[in-house]
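Structure first, then comments.
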Amino acid sequence: MPMVEVLDLEKDYGKVKALKGVSFSINEGEIFGLIGPNGAGKSTTLKILATLLKPTGGSARIAGYDVVKEASKVRELISYLPEEAGAYKNLTGKEYLEFMAKLYAKDEAKAREMLELGMELSGLGERLNDKVATYSKGMARKLLIARALMVRPKLAILDEPASGLDIVNAYAIRQMIRRFARSEGVTFLLSSHNMLEVEYLCHRVALINKGQIVEVGTPKELKDKYSAENLEEVFMTAVGANISEPIGGEGG
Amino acid sequence: MSDFWVMAMKELKNLFRDKKLVFGLVIVPLILLPVMGKAVSVGMEQAQETTNVAIVNFDDGEYGRILIKALEVTPNVTVTVVNASSVEEAIQRAIEEKQNVLVVIPPDFTAKLKANETATVEIYGIFMSIGAGVKESVSEGRINAVLQVLSDEIARIKVKNLGASNPDAILQPITTVSRSVINNNVVGVPPTVVSGVIAAQAFTIPLIVFMMVMITSQMAAGAIASEKENKTLETLLTLPVPRTHIVGAKIFGTAMMGLVAAIAYMVGMKYYMGSFGLGSAGVSLEDLGLVVTPTGAMLFALVVFTTIIIALSLAMIVATFAEDVQSATTLVSAVILPLAFPAFLLMYTDINDLPSFVKYVLLAIPFTHPVIDYRYVLLSDYRPLVISLIYLAIMALAILYATARLFSSERIMTAQVSWGRKKKRE
């Protein structure tokens with residue numbers, strides 16, 4: 001059984017059709033990338049899978065559970081990191097991780113274990129005792145990714161995990177994801193418009209444009225198919241060189 | 001710890017560590033109100049100190065001397081007789097000797113009284129500095145009272161000399177004895193005093209309730225809007241926690257903060273009122289037979305609590321339509337303020353005196369209930385309180401349910417009020 005199964009997913013925001021029949025599936029342990037320009041429908045797809053939005057049509061299942069009808073079951077399995085997410089400014093980094101660990105863990109020992117893992121993953125050391133309000137953008141993002149991973153979810157949904165970060169921080173975050181996927185066997189669904197990032201991290205990718213999936217395959221398969229040097233060229237060829245102004249929801 | 005308590009603890013930490021919030025809600029009322037009260041009471045205390053009265057007597061008759069004697073035995077008044085040849089000189093002397101008041105007895109004082117004419121005494125209040133002038137006005141009042149007594153006494157003697165057997169009956173043909181009937185009991189206190197005591201209460205309770213409703217609803221709105229503004233809401237809603245717990249924890253957190261703020265306000269108000277005895281007028285509620293029993297206090301506390309829960313849930317619903325804290329507080333004020341404001345109308349009127357349409361409209365607003373219920377508490381009439389409580393509980397449940405529903409839908413993610421053209425998509 002695939003970890004994620006998305007079938008003919010549709011989402012309308014009033015008159016705007018953000019998703020027009022999106023289908024893909026993700027196997028257990030896979031790092032799956034959803035790539036496309038701003039407003040292509042990436043964030044909308046992720047928000048539906050994260051149980052935040054309800055689809056207008058089609059269905060989505062995670063580990064066999066319907067994201068609408070069995071939303072609370074789905075929430076126990078996933079960990080979602082929104083794009084541009086924040087943490088509670090008046091809490092310290094450690095308190096934030098502790099708060100999240102207690103909500104996911106069933107007992108004290110498990111919560112402590114999660115907290116320790118989160119502290120290690122964040123790589124923030126002593127700064128974890130400072131209030132989140134004092135963190136830089138990179139530090140806050142590391143804290144949030146550590147939060148998302150420390151609970152060892154069945155599926156981690158990361159929306160633009162390294163967006164807006166400098167090279168050093170973005171690199172560190174990609175390393176964290178890759179190591180964690182290897183060591184823990186967690187399934188990842190991430191979105192990005194950074195083709196390099198996706199090529200580096202993902203086992204398989206889906207190209208999305210104007211609310212529709214254009215191509216799905218491993219980075220190598222896609223490059224071979226389009227005789228392209230990188231995913232950027234694949235994308236440009238697959239969607240046709242003339243990409244008009246994207247439509248769709250804000251940020252995706 | 002259950003999900004709810006983990007969430008509630010986070011809310012408490014987040015709220016109580018907000019320095020601006022704590023300063024505005026706890027420190028300000030605890031410091032500002034007593035300081036304001038102190039400032040007023042210092043003026044009052046000064047006024048109660050001994051008044052230094054200078055008297056210049058240009059009259060050598062017997063009545064001038066009687067007046068001086070009468071003033072000398074007046075409490076809190078120190079009389080100094082100054083020798084001067086003119087009023088100007090007397091004023092100068094009074095200033096030099098730091099007197100508060102100068103009383104001038106004119107040369108024809110005794111003569112006029114004897115001739116059955118009206119005699120005039122001049123009183124000068126001496127302002128050393130341009131302050132509030134409480135002292136000078138109080139002194140004048142005190143001297144006027146003395147002169148009134150003296151005047152009555154002289155009148156009585158004169159009437160008696162005219163051969164009347166009962167001078168008092170002629171001078172005051174009609175007297176009144178005022179009593180009040182409160183709660184079927186006759187109390188030997190004039191109605192003006194009773195209404196003064198009740199008015200002081202009637203102003204305080206709506207004011208505190210109004211403040212509490214506004215403050216806590218602003219906080220609840222802020223708590224939701226800051227989740228949106230700091231982009232923590234999306235994460236929160238994907239956690240394996242029932243949405244009802246999320247809503248409940250937020251209400252709990254803000255209600256606790258509201259409670260602390262309420263206590264700070266009550267303590268502050270107590271010092272403020274206590275510092276100049278407002279609301280007592282020498283008569284306590286107990287003297288009037290108006291006693292708050294434990295049952296009454298408990299029922300009233302429940303009414304206030306339920307009202308605040310309604311305000312909090314309502315504020316949370318309103319706040320989901322705002323994008324950031326600032327627009328949330330503006331929106332909440334726009335919605336709650338008109339609802340809470342009619343409570344002020346009841347400071348001046350009894351709800352039962354209003355036309356029935358207005359009465360029921362006011363009763364439909366939850367925030368009216370604590371204001372009117374307080375009066376029933378004083379009268380130990382609990383039936384209206386219980387009815388209020390039932391109505392408020394139904395309202396609270398309905399609004400809580402609506403809030404939980406809103407949090408379970410995707411509207412919490414997508415709802416927003418567009419501010420004219422400004423809110424165009426980027």
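- In this structure, the side chains of B/T232 and A/Y88 come closer than 4.5 Å at one or more pairs of heavy atoms.
- Distance NE2/B/H245 to CG/A/L103: 11.0 Å, rounded to 0.5 Å.
- Remark: the backbone N or O of A/N90 is paired with a side-chain donor or acceptor of B/R17 at under 3.5 angstrom.
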- side chain to side chain contact (heavy atoms under 4.5 Å, CB included) evaluation trace for A/K47 with B/E234: CA-CA 9 Å; A/K47 279 179 186 165; B/E234 292 187 359; 3.5 Å; yes
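- Residues from residues 126-158 of chain A that place a non-hydrogen atom less than 4.5 Å from a non-hydrogen atom of chain B comprise A/K131, A/R147, given in numerical order.
- For A/E98, no part sits under 4.5 Å from any heavy atom of chain B, backbone or side chain.
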- Given side chain to side chain contact (heavy atoms under 4.5 Å, CB included), test B/K10 with A/L91 step by step and report yes or no. CA-CA 8 Å; B/K10 184 230 44 172; A/L91 300 186; 3.8 Å; yes
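- Other residues, nucleotides and ligands place no more than 12 heavy atoms under 6.0 Å from the CD atom of B/Q326.
- In this structure, OG1 in A/T51 is found 11.0 Å from CD in B/E410, a value given to the nearest 0.5 Å.
- Only the backbone of A/A87 comes within less than 4.5 Å of a heavy atom in chain B; its side chain stays farther off.
- When heavy atoms are compared at a cutoff of 4.5 Å, B/E229 does not approach chain A at all.
- Against chain B, the residues from residues 54-66 of chain A that qualify, each with a non-hydrogen atom under 4.5 angstrom away, are A/K54 in number order.
- If you take CG on B/L239 and OG on A/S79, they are separated by 8.5 Å, rounding to the nearest 0.5 Å.
- Residue A/Y96 holds its OH atom at 14.0 Å from NZ of B/K13, rounded to the nearest 0.5 Å.
- Residues B/N230 and A/K89 meet the side-chain proximity criterion, which asks for heavy atoms closer than 4.5 Å.
- Atom CZ of A/R174 sits in a crowded spot, with more than 12 heavy atoms from other residues, nucleotides or ligands closer than 6.0 Å.
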- side chain to side chain contact (heavy atoms under 4.5 Å, CB included) between B/T235 and A/M100, worked out: CA-CA 10 Å; B/T235 310; A/M100 289 292 179; 4.1 Å; yes
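- Around the CZ atom of B/F16, the shell of radius 6.0 Å holds more than 12 heavy atoms that belong to other residues, nucleotides or ligands.
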